[in-house]
Undergrad: 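Sharing a structure with you now.
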Amino acid sequence: MAVPPMTKWNTGLFDCCDDKSTCCYGFFCCPCLACTLTGHLGEHHCLPLCDILSPSITAACGLPLCVPPAGLSVRVGMRHRYAIQGSYCRDIMTSCFCGWCSWCQMRREWKYRTKNPVVVNMQPAPVVLAPGRF
């Protein structure tokens, strides 16, 4: 099976003005945006709520949690699904310090990838008949 070539994100992390509806959705209700996107990607809609609840639960147990688990896992999963260049370290930094921008970027990427389907033209194999046989 051929490995698809690595691509870049369709938009940058801070390119919110490229899609104003996603920008407004993420700004005014980022948890709703995250839950919607996670559902579109085939995961449970409530998965991003772990990012909201996990820090308080783990801090109550004495374990500080800095990395949002759902945001990071969805970002890494999207990078692998669409063969987007990047690294785990960059995903961790983006999820920790630019969480809302990360969700907006992932939403823009999902809209771009689902709006522009890849068309594969499959031609049937030519049929060769032996001479004298019909």
Side-chain angles (χ1 to χ4, degrees):
M1 186 166 141
V3 177
M6 298 297 279
T7 60
K8 293 185 178 185
W9 289 95
N10 184 46
T11 60
L13 187 61
F14 303 112
D15 290 342
C16 291
C17 293
D18 287 355
D19 183 4
K20 291 177 181 50
S21 65
T22 296
C23 180
C24 290
Y25 190 22
F27 180 77
F28 290 111
C29 193
C30 191
C32 297
L33 170 77
C35 291
T36 303
L37 178 61
T38 306
H40 287 310
L41 293 173
E43 299 297 331
H44 195 279
H45 291 282
C46 296
L47 181 65
L49 297 179
C50 293
D51 288 350
I52 297 168
L53 301 176
S54 293
S56 60
I57 293 170
T58 56
C61 297
L63 301 170
L65 179 67
C66 299
V67 179
L72 177 62
S73 63
V74 171
R75 185 170 182 84
V76 170
M78 181 174 263
R79 266 196 327 100
H80 286 279
R81 176 183 289 188
Y82 297 127
I84 298 172
Q85 295 173 352
S87 66
Y88 291 118
C89 183
R90 182 172 285 170
D91 291 335
I92 290 169
M93 298 303 281
T94 301
S95 297
C96 286
F97 299 109
C98 305
W100 287 13
C101 294
S102 174
W103 282 108
C104 289
Q105 182 187 34
M106 290 188 288
R107 168 73 178 210
R108 290 191 305 269
E109 189 70 26
W110 176 80
K111 286 172 73 173
Y112 173 77
R113 301 285 177 148
T114 56
K115 181 177 75 172
N116 297 327
V118 176
V119 177
V120 178
N121 188 3
M122 300 281 296
Q123 296 292 328
V127 177
V128 178
L129 298 174
R133 295 192 165 222
F134 293 100

Undergrad: I want to check something: taking the side chain as every heavy atom from C-beta on, are Q105 and C101 in contact at a cut-off of under 4.5 Å?
TA: no
Undergrad: By the salt bridge (charged side-chain N to carboxylate O under 4.0 Å, His left out) test, which pairs, at least two apart or in different chains, include something from residues 12-27?
TA: D19-K111
Undergrad: What residue pairs, at least two apart or across chains, pass salt bridge (charged side-chain N to carboxylate O under 4.0 Å, His left out) with a residue in residues 89-98?
TA: R75-D91, R79-D91
Undergrad: Apart from F14 itself, which Ile, Leu, Val, Met, Phe, Trp or Tyr residues share its cluster (side-chain heavy atoms under 4.5 Å, direct or through members)?
TA: L13
Undergrad: Does R108 have any side chain to side chain donor-acceptor pair (under 3.5 Å) partners at least two apart in sequence or in another chain, and if so, which?
TA: T11
Undergrad: CG/L33 to OG/S21 distance, rounded to the nearest 0.5 angstrom?
TA: 10.0 Å
Undergrad: Taking only residues two or more places apart in sequence, or in another chain, which ones meet C24 in a side chain to side chain contact (heavy atoms under 4.5 Å, CB included)?
TA: F28
Undergrad: Please answer: with hydrophobic residues joined when any side-chain heavy atoms are less than 4.5 Å apart, are L37 and W9 in the same cluster?
TA: yes
Undergrad: For M93, does the CE atom have more than 12 heavy-atom neighbours from other residues, nucleotides or ligands under 6.0 Å away?
TA: no
Undergrad: Taking the side chain as every heavy atom from C-beta outward, state whether R81 and L41 have any atom pair closer than 4.5 Å.
TA: yes
Undergrad: With sequence neighbours left out, what residues match C30 under side chain to side chain contact (heavy atoms under 4.5 Å, CB included)?
TA: W100, W103
Undergrad: CZ/F97 to CD1/I92 distance, rounded to the nearest 0.5 angstrom?
TA: 10.5 Å
Undergrad: Show every side-chain hydrogen bond (donor to acceptor under 3.5 Å, both in side chains) that has at least one partner inside residues 25-39, sequence neighbours left out.
TA: Y25-T36
Undergrad: Can you hop from I84 to V76 via hydrophobic side chains spaced under 4.5 Å?
TA: no
Undergrad: Taking only residues two or more places apart in sequence or in another chain, which ones pass disulfide bond (SG atoms under 2.5 Å apart) with C96?
TA: none
Undergrad: Can you list the residues that meet the ring pair (Phe, Tyr, Trp, His ring centres under 6.0 Å) rule with H40, with sequence neighbours excluded?
TA: W110
Undergrad: Please name all residues satisfying side chain to side chain donor-acceptor pair (under 3.5 Å) with S73, sequence neighbours left out, ordered by chain then number.
TA: none
